[in-house]
There are 2 protein chains.
Amino acid sequence: MLLTELKATQLAELFSALSDASRVRIISLLIQGEMSVSALAEGLKMSESAVSHQLRGLRQMHIVRARKDGRQVFYSLEDEHVQKLYSMGLDHVEHG
Amino acid sequence: MLLTELKATQLAELFSALSDASRVRIISLLIQGEMSVSALAEGLKMSESAVSHQLRGLRQMHIVRARKDGRQVFYSLEDEHVQKLYSMGLDHVEHG
DNA sequence: ATAATATATGAACGCTTGCTCATATATTCA
DNA sequence: TGAATATATGAGCAAGCGTTCATATATTAT
């Protein structure tokens, strides 16, 4: 069926969330559970600023959610959709 | 589990295939069956050159395959993986 | 209040991307 | 052979992206 330009754009935006290695790695960590910005930065060996910028984008796409606790902010996946896309993609990359 | 940088990059490349509205629309047409470059260009109201450039990228990612017949080249999806990602993404975009 | 810590934000910069335009290659037809 | 058609390709350009660096904001501790 023919896609409207709007839906094509929305689909492209959704997949854009996973179209960068840094974001993929952020999501791979968040799949295991919520994590603070600095924990993500340390785990990924990225600057906290770079991580924060990426998280902002993911937040705006409603892919992650932020929970503030004291001066830390813990991020987690907003729903299971992206995780499903992630596993399906990983499966494709690993086997076949 | 922690992703290697290599796999994160491969995953990002895979999702990049669907991270642009033009490519999403190309794939939405190819899901219905193989199509020539000019038919794609007409259906999508894109220049044949733009379509051809995108098809080259998709070919290099092994997402589409080319079959030459006379002076036309018919493109089709190389396997069902991308189609599965596409439907899952579309599902997410359409019903929440 | 002041300092220290955690995160967010804006500007700037280099890199990539997707297009157009011109041109090249391949195939068919007259 | 020469013209017409279908696709591919390369250069160039504008827009977008991901980072760094400097700075701002919010929270906690002294």
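In what follows, chains are A, B, ... by sequence order, proteins preceding strands, each numbered from 1.
- Regarding contacts with the backbone of C/dG10, a side-chain N or O of A/Arg56 is found under 4.0 angstrom from either OP1 or OP2.
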Report task. In sequence, state the C-alpha distance, the side-chain angles, and the governing distance for A/Ile26 and A/Val64, and then conclude on side chain to side chain contact (heavy atoms under 4.5 Å, CB included). Result -> CA-CA 10 Å; A/Ile26 287 174; A/Val64 301; 5.6 Å; no
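- The stretch residues 39-48 of chain B comes close to DNA chain D through B/Glu48, each having a heavy atom under 4.0 Å from the strand.
- Counting heavy atoms from C-beta outward, A/Leu14 and A/Leu85 have side chains that approach closer than 4.5 Å.
- Using a 4.0 Å heavy-atom cutoff across all strands shown, B/Ser38 reaches sugar-phosphate atoms only and no base atom.
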Requested in this report: Begin with the C-alpha distance, continue with both residues' side-chain angles, and end with the deciding distance and a verdict on salt bridge (charged side-chain N to carboxylate O under 4.0 Å, His left out) for A/Glu94 and B/Lys7.
Outcome: CA-CA 8 Å; A/Glu94 286 181 334; B/Lys7 273 186 188 155; 3.2 Å; yes
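- The distance from atom CG of A/Asp69 to atom C1' of C/dT5 is 14 Å, rounded to the nearest whole Å.
- With rounding to whole Å, B/Ile26 atom CD1 is found 10 Å from C/dG18 atom P.
- Straight-line distance from the CG atom of B/Leu58 to the P atom of C/dT17: 13 Å, rounded to whole Å.
- Near DNA chain C, meaning a heavy atom under 4.0 Å from it, residues 5-20 of chain B has B/Asp20 in order of number.
- For B/Gln72 and D/dA4, the CD to P distance is 19 Å, given to the nearest whole Å.
- Contact of the A/Val24 side chain with the A/Asp20 side chain is not registered, since no non-hydrogen atoms from C-beta on lie closer than 4.5 Å.
- The closest donor-acceptor contact from the side chain of A/Arg25 to the backbone of B/Leu3 lies at 3.5 Å or more, if one exists at all.
- Remark: A/Arg59 does not engage A/Glu78 in a salt bridge, criterion side-chain N to carboxylate O under 4.0 Å.
- With contacts defined as side-chain heavy-atom distances shorter than 4.5 Å, the pair A/Met61/A/Glu13 does not qualify.
- Using a 4.5 Å heavy-atom threshold, the side chains of B/Leu30 and B/Met35 count as touching.
- With sequence neighbours left out, the side-chain hydrogen bond (donor to acceptor under 3.5 Å, both in side chains) criterion links B/Ser36 to B/Ser38.
- Taking every side-chain heavy atom of A/Arg59 into account, C/dA8 is the closest of C/dC19, C/dT7, C/dA8.
- Within 4.0 Å of A/Tyr75, counting heavy atoms only, lie sugar-phosphate atoms of the nucleic acid but no base atom.
- Across the protein-nucleic acid pair, B/Gln60 atom CD and D/dA8 atom P stand 12 Å apart, rounded to whole Å.
- With sequence neighbours excluded, the residues forming a side-chain hydrogen bond (donor to acceptor under 3.5 Å, both in side chains) with A/His81 are A/Asp79, listed by chain and number.
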Query raised in the report: What is the per-nucleotide protein-contact pattern of nucleotides 21-26 of chain D, from the 5' end, where B denotes a base atom under 4.0 Å from a protein heavy atom, S denotes such proximity for sugar-phosphate atoms only, and - denotes neither?
Result: B----S
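- Between B/Gln54 and C/dT17, a side-chain N or O to OP1/OP2 separation shorter than 4.0 Å is absent.
- Identified under the side chain to side chain donor-acceptor pair (under 3.5 Å) test for residues 43-55 of chain B, with sequence neighbours left out: B/Arg23-B/Gln54.
- When the P atom of C/dA8 is taken as reference, atom CZ of A/Phe74 falls 12 Å away, rounded to whole Å.
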